[in-house]
Amino acid sequence: MPLSMIRTGYKHFILCALAWFSVNANAEQAIIAVASNFTQPMQQLKNTFEQSSEHNIKLSFASSGKLYAQITQGAPYAAFFSADQVKPISLEKLGLAVANTRFSYATGQLVLWSPQNNLSLTPAKLDLTSFNKIAIANPKLAPYGSAAVETLKSLQQYKFTKKNLVYAENIAQTYQYVFTQNAQIGFISASQLSQHKTGSYWLIPQTYHSPILQDAILLKSAQNNQAAIDFLQFIKSTNAKNIIHQFGYKTNGSL
């Protein structure tokens, strides 16, 4: 091979290498704390974001209450996707989150579900007292749990079913209780139904409980983390909203 061609190829290699190092020098990583109910859509959102970004996103899932406690104790999260508005607002007041970065990324939908087919779960035929174990997320930690209690009260069945309630740590564990038949029925997130083709469910009208507005916020310790900033901006995009809709959530009042 002529020496001139070798020199040209070598220069091309050096330019490509410099370009690669330049791009990756700007790449950052962000650890995002995410409420359990949003596990499936968030995994897809992360994959879609990373396909068009040099940044890397790590995810940590748990109940909103548990993640909130970890953040107040100094956990190294860059952003927090809560299942409610209360905890992000509280982090703002504590000075642990960046002001004016909070936004509602989804409105959750509550579902009463059983893997058993042909159950009548609509209010007209529903008799929750006939079930010995009804799974709900801990209402002190999980917004879906408090929405479930509100629903039972709206149905005027709370005092009759209270002794039959089985409390899970979060909505993911609530689903597991029902799926493994440790509870006959349970209140879960509509997004968790996406993996089922059978069973019985009732999509709870939002008139039965307060809206499950889910807010995200950038945390103070990551206010200069470009990966976290770009990821939050991506969540507001039409592409991201379409993904969120696919999993049974609403955004900005539309579906």
Side-chain angles (χ1 to χ4, degrees), residues 19-20 22-64 67-68 71 75-92 96-111 143-144 171-172 189-195 203 206 211-255:
W20 186 87
S22 175
V23 169
N24 285 274
N26 295 323
E28 293 191 51
Q29 176 176 289
I31 306 175
I32 310 294
V34 186
S36 299
N37 74 86
F38 207 62
T39 299
Q40 292 181 332
M42 182 55 84
Q43 287 172 335
Q44 187 166 327
L45 289 165
K46 162 192 150 63
N47 294 338
T48 303
F49 172 74
E50 289 181 337
Q51 286 171 6
S52 59
S53 169
E54 72 271 26
H55 300 308
N56 179 253
I57 299 296
K58 300 291 184 185
L59 303 174
S60 180
F61 298 102
S63 71
S64 297
L67 293 170
Y68 174 83
I71 292 167
Y77 298 132
F80 177 34
F81 282 69
S82 182
D84 65 5
Q85 290 184 309
V86 174
K87 295 173 186 64
I89 290 173
S90 177
L91 291 175
E92 275 184 304
L96 296 175
V98 182
N100 302 319
T101 61
R102 183 173 59 85
F103 66 99
S104 295
Y105 63 92
T107 301
Q109 296 192 95
L110 189 67
V111 167
Y144 282 83
I171 199 70
S189 163
S191 66
Q192 292 171 300
L193 286 180
S194 60
Q195 56 194 303
L203 184 64
Q206 297 200 356
I212 308 174
L213 294 174
Q214 304 191 189
D215 278 13
I217 197 164
L218 180 66
L219 299 177
K220 204 63 167 288
S221 59
Q223 60 183 331
N224 296 317
N225 184 315
Q226 200 57 49
I229 294 169
D230 288 355
F231 186 66
L232 289 175
Q233 192 61 37
F234 164 73
I235 295 298
K236 299 174 184 176
S237 70
T238 300
N239 188 16
K241 288 180 180 178
N242 287 337
I243 293 172
I244 294 170
H245 292 167
Q246 290 171 15
F247 287 90
Y249 293 92
K250 296 180 179 179
T251 60
N252 295 337
S254 62
L255 185 62

Quiz prompt | Aromatic ring proximity, centroids under 6.0 angstrom, Tyr249 and Phe38 | solution = yes

Show the nearest heavy-atom pair for residues [X] and [Y], with the distance to one decimal.
| X | Y | answer |
| --- | --- | --- |
| Ser63 | Ser36 | N-OG, 3.6 Å |
| Pro143 | Asp84 | CG-CB, 3.4 Å |
| Ser104 | Leu213 | OG-CB, 4.5 Å |
| Leu232 | Ile217 | CD1-C, 4.3 Å |
| Ile32 | Ala78 | CD1-CB, 4.5 Å |
| Asn37 | Ser189 | CB-CB, 4.2 Å |

Could you tell me whether a side-chain N or O of [X] sits under 3.5 Å from a main-chain N or O of [Y], the two making a donor and an acceptor?
| X | Y | answer |
| --- | --- | --- |
| Ser191 | Gln40 | no |
| Lys250 | Thr107 | no |
| Glu50 | Ile57 | yes |
| Thr48 | Gln44 | yes |
| Gln226 | Glu28 | no |
| Thr101 | Leu218 | yes |
| Gln206 | Gly108 | yes |

Quiz prompt | Check against side chain to side chain contact (heavy atoms under 4.5 Å, CB included), Phe234 and Asn239 | solution = CA-CA 8 Å; Phe234 164 73; Asn239 188 16; 4.2 Å; yes

Output the distance between atom [atom1] ([X]) and atom [atom2] ([Y]), rounded to the nearest 0.5 Å.
| X | Y | atom1 | atom2 | result |
| --- | --- | --- | --- | --- |
| Lys87 | Glu92 | NZ | CD | 14.5 Å |
| Leu193 | Phe247 | CG | CZ | 13.0 Å |
| Ile212 | Tyr144 | CD1 | OH | 5.0 Å |
| Ile243 | Ser237 | CD1 | OG | 7.5 Å |
| His55 | Asp230 | NE2 | CG | 4.0 Å |
| Leu219 | Leu91 | CG | CG | 6.5 Å |

Quiz item: Are Lys236 and Phe103 in a cation-pi contact, defined as NZ or CZ under 6.0 Å from the six-membered ring centre and within 45° of the axis?
Solution: yes

Quiz item: Under the ring pair (Phe, Tyr, Trp, His ring centres under 6.0 Å) test, which residues partner Phe231, sequence neighbours left out?
Solution: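 Partners of Phe231 under the ring pair (Phe, Tyr, Trp, His ring centres under 6.0 Å) test: Phe49.
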
Self-check item: Side chain to side chain, Tyr105 and Met42, heavy atoms closer than 4.5 Å
Solution: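 They are not in side-chain contact.
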
Practice problem: Establish, from distance only, whether the side-chain atoms of Ser82 and Tyr68 form a donor-acceptor pair under 3.5 Å. | Solution: no

